[in-house]
Amino acid sequence: MGNLKAAITGVQGFVPEYVLTNAELEQMVDTTEEWIVTRTGIKERRILKGEGKGPSDMAALAIAKLLEKTQIQPEEIDLLIFATVTPDMVFPATANVTAYKAGLINAFGFDVNAACSGWLYALDAAKNYIESGAHQKIIVAGFDKMSSIVDYEDRATCVLFGDGGGAVLLEPHAEFGIQDTIMESDGSGWVHLHQKAGGSVLPPSHETVDQKLHYIYQEGSHVFKAAVSQMAKVSKEIMDRNRLSADEIAYLVPHQANLRIIDAVRRNMSLPEEKVMINIHKFGNTTNGTIPLCLWEWEEKLNPGDNLILSAFGGGFTWGAIYLKWAYHR
Ligand code: UT7
């Protein structure tokens, strides 16, 4: 297929209506608005309420809007790659359930689990399917219902996370689209950020529930240091190896885990604050949802040829950066 690039040709986000504020969290755990804002940058986050709802429900709503605005029929989609750490069920893949709910009757699909870097890994995988010519219309979704694995009695984690996400359409393009990617991981980092129970090593039992082992376990400051060093490293590396100066970059689109991490990455790239997409104050850390939610919110400001650097760090440890040229104006 020659030198085809994989370009994002549409993006749609979804966040649930319920807003969980710092003031409400102050009533639930021993914390303060001041601590949360100064240590993380988060003011509020969204929570998916209602029985029996999962990431597939949020994704199906977003995909319906994505198809409407890109004027693509559901049956034209070849493949759905779904990044999540909170799948509807352990199996089958949330991609399959979502494809069914969204009417993607000709798509095959699978999930990607790479924690907070999952959506970048999924985008990288989709890029290769497009560049090889194997597929022409791929949806890359990133949604999490983090409230399902957050312990709302643990102040160290419950202030951080929110529910929501976004999906993009990826299509071949002669010029614009993904130009370069760097994907890395270090499995020794798993001990610092994981969910202990619910997998096959420690299946759920009365004991695991009593001991709250099905919630997020995070050694925050260790993860913080690794996130700063690895996200900053790959974001700068992808800039340098593509000979991009700070002036030539339209936006850094970082994973939204902590405003202080984002700021460290930005400074390492010598970018001014206005060139960074930030919505952590409104949505917190939605894990696989953060980067597509940013692209969705900034979509109308973007122009063909704009240089974007996407970067993330997450459990695993996983991290990576993608350099892309935006392909359209909306
Ligand atoms: O997205 C995937 C990857 N995840 C991340 O990138 C998250 C990375 N980590 C972080 O963002 C930060 O480490 C946190 C925001 C989680 C924590 O910030 P920190 O500045 O690293 O704080 P800390 O964990 O070192 O805790 C400092 C103090 C502790 O008190 P003592 O031991 O010094 O008395 C905590 O108990 O802050 C306390 N603390 C809180 N205080 C008020 C922790 N959580 C809270 C809270 N409210 N919610």
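Atoms within a ligand are numbered from 1 in the order they appear, just like the ligands themselves.
- Outside the 6.0 Å centre-distance limit, the rings of H173 and Y328 are not counted as a close aromatic pair.
- With sequence neighbours left out, R330 forms a salt bridge (Lys or Arg N to Asp or Glu O under 4.0 Å) with E299.
- For K49 and Y18, the positive end sits near the middle of the six-membered ring, less than 6.0 Å away and at most 45° from its axis.
- Within the 4.5 Å cutoff, the side chain of V265 has no heavy atoms near those of the L271 side chain.
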Write 'none' if nothing qualifies; otherwise put on separate lines each N/O atom of ligand 1 with a protein N/O atom under 3.5 Å away and their distance to 0.1 Å.
unit_1	atom_1	unit_2	atom_2	d
ligand 1	1 (O)	H255	NE2	2.9
ligand 1	1 (O)	N285	ND2	2.8
ligand 1	4 (N)	Q218	OE1	3.1
ligand 1	9 (N)	G220	O	3.1
ligand 1	11 (O)	N258	ND2	2.7
ligand 1	13 (O)	G220	O	3.0
ligand 1	20 (O)	R39	NE	3.2
ligand 1	20 (O)	R39	NH2	2.8
ligand 1	20 (O)	R260	NH2	3.1
ligand 1	36 (O)	R155	NH2	2.9
ligand 1	37 (O)	W35	NE1	3.4
ligand 1	41 (N)	W35	NE1	3.4
ligand 1	47 (N)	T31	OG1	2.6
ligand 1	48 (N)	T31	OG1	3.1
ligand 1	48 (N)	R155	O	2.9

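- With a 4.5 Å cut-off on side-chain heavy atoms, I105 and P74 do not count as touching.
- Counting heavy atoms from C-beta on, the side chains of E175 and K5 never come closer than 4.5 Å.
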